[in-house]
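These notes are about the structure you will find just below.
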Amino acid sequence: MSKKIKMGIFGFGRGHALAYCIVDAGAEVVAICEKGEHLKPAADSPFANAAWYTDFDEFIKHDMDAVLLCNYFCEHTEYAIKCMEAGKHVLSETMSNVTMAEGVRLVRAKEKTGMVYSLLENYPYFKENLEMQRMYGTGDLGRLVFAEGEYVHPMDVKTYNTLSPQRTHWRNWTPRTYYSTHALAPLMQMTGATPTRVTAMTAFRPEVCKDTALRFGDAAAIILCQTDTDAVFRVTGWAHFAPHGNHYRLCCTNGGIEVSPTNGKMRLSFCSRPEKYTEDVTEYDATWPDAELGKKAANAGHGGGDFLSIYYFVKALEEDVEPFWDVYRATTTASVAILAWRSVLNGSAPYDIPDFRKEEDRVKYENDDLSPYPPMHPEKPENDEYDVDIPCSSKPYTPPPLWIENHHRVCRCEDPVPNDLEKEFM
């Protein structure tokens with residue numbers, strides 16, 4: 001494309017911050033779909049003139065090249081397919097699919113329509129992770145043996161409840177393996193390796209869910225992946241423990257690289273040092289590979305990843321090429337998340353990761369719609385049980401009524417628990 005890319009945003013709560021990144025990437029925001037009228041952009045914003053819609057089906061008719069999906073985590077696939085069928089490219093802000101069958105439908109829709117699909121995975125674009133990618137690409141570290149990725153994000157009670165205002169909100173039902181792209185994706189981009197087999201286990205600690213409506217009692221899930229390069233990834237998905245933060249490490253036949261936990265510098269180590277290096281261990285500051293892009297990234301969220309993930313999507317459209325985070329890598333990361341959870345529920349049994357480029361792998365999962373998520377707005381059941389296909393907790397767990405009542409006090413979103421039920425837990 002030679003013209004300026006025109007983009008729409010579906011979901012302006014999260015989309016508002018990303019809208020600035022779209023503008024900085026050289027594209028323009030021409031349409032917004034959002035029910036919350038209070039989120040309308042101010043008159044002096046760079047997207048104040050964007051058309052405002054509250055109905056998705058009307059929004060998708062707007063004259064635009066691509067749509068950024070910022071709707072609920074568990075509802076992206078349906079809207080991504082609608083966008084592509086309407087002739088719009090798609091940038092998906094979270095996990096591409098939450099069931100295996102959704103992944104099959106997504107890949108088939110992309111191939112049928114010929115539209116560009118990309119996952120907006122921002123964590124590979126931290127400058128430290130880009131430096132690890134650069135260093136691995138030199139070949140000086142040798143072949144990958146083992147890599148680690150951690151996404152550790154504990155929250156206090158108020159934050160948990162504020163971010164999950166309804167009992168059926170997706171955050172309350174997301175298994176600990178499902179939110180793992182922030183840990184896995186940087187390793188895949190740094191090394192080019194793809195997971196082919198997965199196993200996982202959890203630490204069941206329901207006390208971390210005290211006074212929330214979280215429907216799982218796990219504090220963390222540890223995921224192990226075999227890769228197509230015969231290396232091993234150890235990935236920690238969304239985890240609740242200390243210290244809060246992210247950590248990545250590459251361990252190779254000649255040496256390794258990570259961010260030092262003591263000073264935040266890159267820590268480059270060798271067990272078989274090439275001659276051009278003078279020290280076995282070196283610490284240094286990471287720098288942006290492109291200084292001009294780095295200036296823009298430095299002002300964006302998630303360590304600059306919000307800007308760079310959008311920038312490379314826009315460039316892919318301008319240059320008519322497929323982005324790195326295409327539909328196949330996106331559905332691979334989703335398959336790791338989904339099948340890791342099945343591993344947890346089945347005694348850490350290993351599962352092969354399908355390659356949705358292959359029709360035989362698609363056929364295997366095309367009717368597999370097992371999901372841990374209830375309907376977003378169901379009738380409230382009397383026994384507080386919701387219609388789900390698989391549990392989101394590794395062991396049976398339901399938040400006590402007193403904890404639900406605390407959730408209600410924070411959110412003021414649902415009827416309080418009757419007093420007679422409270423007495424059972426006092």
Side-chain angles (χ1 to χ4, degrees), residues 121-154 176-177 179-201 203 219-274 277 279-289 302-305 308 324 329 332-333 336-337 340:
E121 178 43 59
N122 39 25
Y123 279 52
Y125 296 102
F126 293 177
K127 65 180 176 182
E128 294 82 4
N129 289 345
L130 290 172
E131 170 58 17
M132 293 173 74
Q133 179 181 342
R134 183 200 69 79
M135 189 63 209
Y136 183 76
T138 66
D140 294 341
L141 297 176
R143 297 181 66 193
L144 180 69
V145 175
F146 175 66
E148 293 181 313
E150 291 186 352
Y151 175 63
V152 182
H153 194 174
R176 288 293 185 181
T177 67
Y179 210 110
S180 56
T181 58
H182 288 338
L184 174 62
L187 304 184
M188 291 174 62
Q189 184 164 318
M190 289 173 194
T191 65
T194 300
T196 56
R197 197 164 172 81
V198 66
T199 184
M201 59 185 66
I222 308 301
I223 303 169
L224 288 179
C225 298
Q226 187 79 58
T227 75
D228 59 348
T229 60
D230 295 319
V232 175
F233 289 165
R234 183 190 69 81
V235 173
T236 304
W238 171 35
H240 183 122
F241 55 72
H244 181 174
N246 313 293
H247 185 72
Y248 305 92
R249 180 163 69 123
L250 302 182
C251 305
C252 308
T253 52
N254 293 341
I257 189 168
E258 64 182 334
V259 178
S260 170
T262 58
N263 57 21
K265 292 179 178 291
M266 305 305 304
R267 189 171 189 268
L268 176 65
S269 306
F270 288 104
C271 54
S272 180
R273 173 166 46 88
Y277 297 91
E279 303 289 339
D280 287 338
V281 179
T282 304
E283 292 190 346
Y284 61 97
D285 292 319
T287 57
W288 294 104
H302 293 93
L308 287 174
F324 180 86
R329 286 192 175 95
T332 292
T333 63
V336 169

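Computed from a predicted structure; not experimentally measured.
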Rounded to the nearest 0.5 Å, what separates atom [atom1] in [X] from atom [atom2] in [Y]?
{"X": "Met190", "Y": "Glu131", "atom1": "CE", "atom2": "CD", "result": "10.5 Å"}
{"X": "Leu141", "Y": "Thr191", "atom1": "CG", "atom2": "OG1", "result": "11.5 Å"}
{"X": "Leu187", "Y": "Leu250", "atom1": "CG", "atom2": "CG", "result": "7.0 Å"}
{"X": "Leu308", "Y": "Lys127", "atom1": "CG", "atom2": "NZ", "result": "12.0 Å"}
{"X": "Cys225", "Y": "Arg197", "atom1": "SG", "atom2": "CZ", "result": "11.5 Å"}
{"X": "Asp228", "Y": "Thr194", "atom1": "CG", "atom2": "OG1", "result": "4.5 Å"}

side-chain contact (heavy atoms from CB on, under 4.5 Å) partners for [X], two or more places apart:
{"X": "Ser272", "result": "Asn254"}
{"X": "Asp280", "result": "Arg273"}
{"X": "Val259", "result": "Glu128, Met266"}
{"X": "Leu224", "result": "Thr199, Val232, Arg234"}

Problem - From Val198, Val235, Thr236, residue fulfilling side-chain contact (heavy atoms from CB on, under 4.5 Å) relative to Leu184 - result: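 The side-chain contact (heavy atoms from CB on, under 4.5 Å) with Leu184 is passed solely by Val235 among Val198, Val235, Thr236.
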
Not counting sequence neighbours, which residues clear ring-ring contact (aromatic ring centres under 6.0 Å, His included) with [X]? List them please.
{"X": "Tyr277", "result": "Phe270"}
{"X": "Tyr125", "result": "Tyr312"}
{"X": "Phe324", "result": "none"}

Practice task
Please identify each residue that fulfils salt bridge (charged side-chain N to carboxylate O under 4.0 Å, His left out) with Asp285, with sequence neighbours left out.
Solution key: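 Result, salt bridge (charged side-chain N to carboxylate O under 4.0 Å, His left out) vs Asp285: Lys265.
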
Problem - salt bridge (charged side-chain N to carboxylate O under 4.0 Å, His left out) involving Arg329 - partner list, sequence neighbours excluded - result: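 Salt bridge (charged side-chain N to carboxylate O under 4.0 Å, His left out) list for Arg329, sorted by chain: empty.
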
Practice task
Sort and list the pairs that fulfil ring-ring contact (aromatic ring centres under 6.0 Å, His included) and have at least one residue in residues 242-268, not counting sequence neighbours.
Solution key: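 Pairs touching residues 242-268 that pass the test: His153-His244.
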
Practice task
Look at the rings of Tyr151 and Tyr123 and say which category their plane angle falls in: under 30° parallel, 30 to 60° tilted, over 60° perpendicular.
Solution key: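 Ring orientation of Tyr151 relative to Tyr123: perpendicular.
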
Closest heavy-atom pair and its distance - [X], [Y]:
{"X": "Pro124", "Y": "Asn129", "value": "O-CB, 3.5 Å"}
{"X": "His302", "Y": "Phe126", "value": "O-CE2, 2.8 Å"}
{"X": "Glu121", "Y": "Ala185", "value": "CG-CB, 3.2 Å"}
{"X": "Thr332", "Y": "Pro195", "value": "CG2-CD, 4.1 Å"}
{"X": "Val152", "Y": "Pro243", "value": "CG1-O, 3.5 Å"}
{"X": "Asn122", "Y": "His182", "value": "OD1-CE1, 3.3 Å"}

Handout entry: Qualifying salt bridge (Lys or Arg N to Asp or Glu O under 4.0 Å) pairs with a residue from residues 238-249, counting only residues at least two apart or across chains
Key =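 Qualifying pairs: Glu148-Arg249.
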
Handout entry: Pair listing, salt bridge (Lys or Arg N to Asp or Glu O under 4.0 Å) test, anchored in residues 185-195, at least two apart
Key =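 Residue pairs passing salt bridge (Lys or Arg N to Asp or Glu O under 4.0 Å), neighbours aside: none found.
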
Exercise for the section: For residues Leu268 and Tyr284, determine if any side-chain heavy atom of one lies less than 4.5 Å from a side-chain heavy atom of the other. Expected result: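 Yes. Closest side-chain heavy atoms under 4.5 Å.
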
Handout entry: Non-hydrogen side-chain atoms of Arg134 and Pro289 separated by less than 4.5 Å
Key =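 No, side chains not in contact.
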
Practice task
Spell out, as yes or no, whether a donor-acceptor pair under 3.5 Å connects the side chain of Ser269 to the backbone of Val281.
Solution key: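 No; zero donor-acceptor contacts below 3.5 Å.
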
